[in-house]
> 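Before I ask anything, let me first share the structure, which is written out below as structure tokens.
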Amino acid sequence: MYGEELAKKLEAILASGATYKAVAKRAECDVSTVYRIRTGAIINPSYSVGRAIDEMHAAMNKAAA
């Protein structure tokens, strides 16, 4: 379930205008990793990558409020 939830958060981040490259830079991973998380090919990424995506999503929601 966590992988699906993370993919949805990533989808929202990308829909807000962020690029794969920007997300990958923030998460300190490859662009291909971000893409594979979004498509569901990676359902259990490393803790640091998952946390970075969670933090980006939280910041995006906080800015929108």
Side-chain angles (χ1 to χ4, degrees):
M1 181 61 130
Y2 182 74
E4 291 175 12
E5 189 175 311
L6 195 60
K8 288 178 184 177
K9 289 180 180 182
L10 185 53
E11 189 68 37
I13 293 167
L14 294 170
S16 74
T19 63
Y20 281 98
K21 187 175 180 179
V23 175
K25 184 176 181 181
R26 173 83 183 269
E28 298 180 353
C29 66
D30 291 336
V31 174
S32 63
T33 301
V34 176
Y35 177 78
R36 289 182 288 164
I37 292 169
R38 184 182 152 265
T39 61
I42 296 177
I43 57 171
N44 192 17
S46 69
Y47 175 80
S48 61
V49 172
R51 181 169 173 117
I53 293 170
D54 281 339
E55 289 173 356
M56 289 181 74
H57 187 261
M60 180 189 73
N61 286 339
K62 187 174 183 180

> Leu6 vs Asp54, test: side chain to side chain contact (heavy atoms under 4.5 Å, CB included). Steps then yes/no.
CA-CA 7 Å; Leu6 195 60; Asp54 281 339; 3.8 Å; yes

> Just by modelled atom types, is the Tyr35 backbone N or O under 3.5 Å from a matching donor or acceptor in the Thr39 side chain?
yes

> Hey, could you give me the OG/CE distance between Ser16 and Met56, rounded to the nearest 0.5 Å?
7.5 Å

> Can you measure from NZ (Lys9) to CG (Asn61) and round to the nearest 0.5 angstrom?
9.0 Å

> Could you work out, with side chain to side chain donor-acceptor pair (under 3.5 Å) as the rule, every residue matching Asp30, not counting sequence neighbours?
none

> Give me the atom names and distance for the closest heavy-atom approach of Met60 to Ile13.
SD-CA, 3.9 Å

> Does OH in Tyr20 sit with more than 12 non-hydrogen atoms of other residues, nucleotides or ligands closer than 6.0 Å?
yes

> Quick one: pull up CD1 in Ile37 and CD1 in Ile53 and give me the separation to the nearest 0.5 Å.
4.0 Å

> Not counting sequence neighbours, which residues clear side chain to side chain contact (heavy atoms under 4.5 Å, CB included) with Glu28? List them please.
none

> Using only atom types and a distance under 3.5 Å, with no angle test, would you say the side chain of Arg38 pairs donor to acceptor with the backbone of Val34?
no

> In sequence, state the C-alpha distance, the side-chain angles, and the governing distance for Glu55 and Arg26, and then conclude on side chain to side chain contact (heavy atoms under 4.5 Å, CB included).
CA-CA 10 Å; Glu55 289 173 356; Arg26 173 83 183 269; 3.9 Å; yes

> Using every non-hydrogen atom in the two residues, find where Ala27 and Ala52 come nearest and quote the distance to one decimal.
CA-CB, 3.6 Å

